[in-house]
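The structure appears right after this line, and notes come after that.
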Amino acid sequence: MTTVKERASQLLSLEEKVAMVTGAASGIGRGIILRLADLGGVTAILDIDEQKGSETAHEIRNRGGEAIFVKCDVRSAADCRTAVEAVIAKAGKIDILCNCAGIAIRKDVVELTEEEWDTALDVTLTGIYRLSHEVIPHMIRSGGGSIINIGSGWALKGGPKAAAYCAAKGGAVNLTRAMAIDYGKYNIRVNCVCPGDVDTAMLRSECAQLGEDVQAFMREAANRPLARVGTAEDVANAVLFLAGPMSTWITGAALVVDGGGLA
Ligand SMILES: NC(=O)c1ccc[n+]([C@@H]2O[C@H](COP(=O)([O-])OP(=O)(O)OC[C@H]3O[C@@H](n4cnc5c(N)ncnc54)[C@H](O)[C@@H]3O)[C@@H](O)[C@H]2O)c1
């Protein structure tokens with residue numbers, strides 16, 4: 001007979017799994033890859049930031065996990081293909097893909113140049129397509145997988161001076177649903193996690209772009225039922241749930257993780 005502890009750890013274990021996270025060198029993506037690595041398996045950090053990506057891989061190995069860093073700009077189809085090939089060469093399969101890379105340009109439609117609009121959508125929405133396009137055939141071959149896209153509260157409602165961001169994140173939620181429909185028959189689940197404000201470099205850059213006082217901005221961001229901004233770990237726990245055996249009949253969902261901000 002198994003013990004309670006063994007049964008509990010089986011429900012969370014990612015042993016034997018291979019997980020890939022984009023934008024995992026810092027912020028929320030880093031929190032996600034650290035959480036997944038803590039639960040076992042092989043982890044792959046994909047990011048444009050070579051230094052922070054290598055540091056994150058190093059930290060995972062120091063904690064006893066297995067990690068590789070692969071430099072990958074999600075705006076490049078060639079980079080995405082090479083990164084997936086590198087992970088397949090090392091680990092033979094990919095069970096979990098978390099598309100987390102994203103950028104936020106705080107401008108309305110009149111202020112946005114077409115180049116800024118294109119860049120925002122290229123990273124934040126088309127990046128999800130590019131990685132999924134490369135990874136899904138491998139998941140089909142190995143019998144299934146779990147894809148978790150990182151959306152935003154502003155995927156489900158609008159926000160001020162964030163036109164391209166809102167468009168990209170809204171697209172991410174509906175792309176999630178479309179992929180869930182197309183690949184359910186291959187045992188591939190596709191879900192979206194929609195975080196509220198988390199104190200990362202991105203949130204601080206948004207504050208700077210808007211020319212607002214940091215303390216007032218953070219106070220406003222914490223104004224929600226659970227009365228604080230989120231942490232990368234808050235979001236990582238939701239990703240872990242959707243990645244593993246606790247969510248085997250959940251697909252096409254948008255899970256809001258925002259301390260009640262949208263409530
Ligand atoms: N921070 C928040 O409040 C918040 C809220 C809701 C949703 N999100 C979403 O969470 C995700 C992560 O945000 P964050 O706050 O951790 O941001 P962050 O800026 O702290 O980290 C983003 C990471 O993505 C990487 N990246 C940027 N462009 C890339 C590209 N072209 N290819 C590969 N990697 C690239 C960066 O190097 C960085 O490591 C984003 O999709 C963001 O929209 C963040």
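Note that ligands are numbered from 1 as they come in the structure, with each ligand's atoms numbered from 1 the same way.
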*Starting from atom 31 (N) of ligand 1, which protein heavy atom do you reach first, and at what distance in Å?*
Asp73 OD1, 2.9 Å
*Ligand-side contact atoms (ligand 1) for residue partner Gly27, heavy atom cut-off under 4.0 Å*: 16 (O), 20 (O)
*Residue pair Ser54 / Phe69: nearest heavy atoms and the distance that separates them*: OG-CD2, 3.8 Å
*Measure the distance from atom 43 (O) of ligand 1 to every protein heavy atom, then report the residue, atom name and distance (to 0.1 Å) of the closest one.*
Tyr165 OH, 2.6 Å
*Do you know which two heavy atoms are closest between Ile45 and Ala25, and how far apart they sit?*
CG2-N, 4.1 Å
*Is the closest basic N to carboxylate O distance between Arg204 and Asp199 below 4.0 Å?*
yes
_Can you report which non-hydrogen protein atom sits closest to atom 28 (N) of ligand 1, along with the distance?_
Ile48 CD1, 3.7 Å
*Only one of Leu131, Val135, Ile147 clears side-chain contact (heavy atoms from CB on, under 4.5 Å) with Ile94; which?*
Val135
*Any chance you could measure Leu97, atom CG, to Glu134, atom CD, to the nearest 0.5 Å?*
11.0 Å
*Decide, yes or no, whether a salt bridge links Arg63 with Glu59 under the criterion of side-chain N to carboxylate O below 4.0 Å.*
yes
_Check ion pair Glu233-Arg35 (N to O, under 4.0 angstrom)_ = no
_Gly29 versus ligand 1: do any nitrogen or oxygen atoms come within less than 3.5 Å of each other?_
no
*asked:* Checking a contact table here: which protein heavy atom is nearest atom 5 (C) of ligand 1, and how many Å away?
replied: Gly196 O, 3.2 Å
_Sub-4.0 Å atoms of ligand 1 with respect to non-hydrogen atoms of Leu203_ = 3 (O)
*Can you pull out the closest protein heavy atom to atom 36 (C) of ligand 1? Residue, atom name and distance to 0.1 Å, please.*
Asp47 OD1, 3.5 Å
_Only heavy atoms of Gly151, strictly under 4.0 Å: list the atoms of ligand 1 that pass._
7 (C), 9 (C)
*Between Lys90 and Glu85, is there a salt bridge with N-O shorter than 4.0 Å?*
no
_With a heavy-atom distance limit of 4.0 Å, tell me whether Cys72 approaches ligand 1 through its side chain, its backbone, both, or neither._
backbone
*With heavy atoms under 4.0 Å as the rule, classify the contact between Lys169 and ligand 1 as side chain, backbone, both or neither.*
side chain
*So how far is it from Ile68 CD1 to Arg61 CZ, rounded to the nearest 0.5 Å?*
9.0 Å
_Against ligand 1, does Thr22 come closer than 4.0 Å with any heavy atom?_
no
*Please confirm whether Val198 comes within less than 3.5 Å of ligand 1 when only nitrogen or oxygen atoms on both sides are compared.*
yes
*Considering Glu206, Lys52, Met202, which one's heavy-atom position lies nearest to atom 19 (O) of ligand 1?*
Met202
_Judged on heavy-atom distance to atom 22 (C) of ligand 1, which of Pro195, Ala168, Gly102 sits nearest?_
Gly102
*asked:* side chain to side chain contact (heavy atoms under 4.5 Å, CB included) for Ser247 and Leu242? Distances and angles first, verdict last.
replied: CA-CA 5 Å; Ser247 59; Leu242 291 170; 4.3 Å; yes
*Looking at ligand 1, does any of its N/O atoms fall within less than 3.5 Å of an N/O of Ser26?*
yes
*Among Cys100, Ala25, Ala172, closest by any non-hydrogen atom to atom 41 (O) of ligand 1*: Cys100
*Who's the nearest protein heavy-atom neighbour of atom 16 (O) of ligand 1, and how far?*
Ile28 N, 2.7 Å
*Min heavy-atom dist Ala24 to ligand 1 below 4.0 Å*: no
*Quick one: does Ser205 get a heavy atom under 4.0 Å from ligand 1?*
no
*Do you know the tightest heavy-atom contact between Ile33 and Ala19?*
CD1-O, 4.4 Å
*Hey, mind stepping through Asp122 and Arg130 against salt bridge (Lys or Arg N to Asp or Glu O under 4.0 Å) and telling me if it holds?*
CA-CA 10 Å; Asp122 204 9; Arg130 287 194 189 96; 2.6 Å; yes
_Pair Lys93 + Asp95, salt bridge at N-O below 4.0 Å_ = yes
*Please identify which atoms of ligand 1 are closer than 4.0 Å to at least one heavy atom of Ala201.*
20 (O)
*Going by heavy atoms in the side chains, are Thr126 and Arg75 under 4.5 Å from each other?*
no
*Which part of Trp154 is near ligand 1, with near meaning a heavy atom under 4.0 Å away: side chain, backbone, both or neither?*
neither
*atom 15 (O) of ligand 1 [closest protein heavy-atom partner, distance rounded to 0.1 Å]*: Thr200 OG1, 2.5 Å
*Please determine if Arg228 and Asp234 form a salt bridge, counting it only when a charged side-chain N lies under 4.0 Å from a carboxylate O.*
yes
*asked:* Show the atoms of ligand 1 that are less than 4.0 angstrom away from any heavy atom in Asp197.
replied: 3 (O)
*Please state whether Ala104 comes within less than 4.0 angstrom of ligand 1, counting heavy atoms only.*
no
*Quick one: nearest non-hydrogen protein atom to atom 24 (O) of ligand 1, plus distance?*
Gly23 CA, 3.4 Å
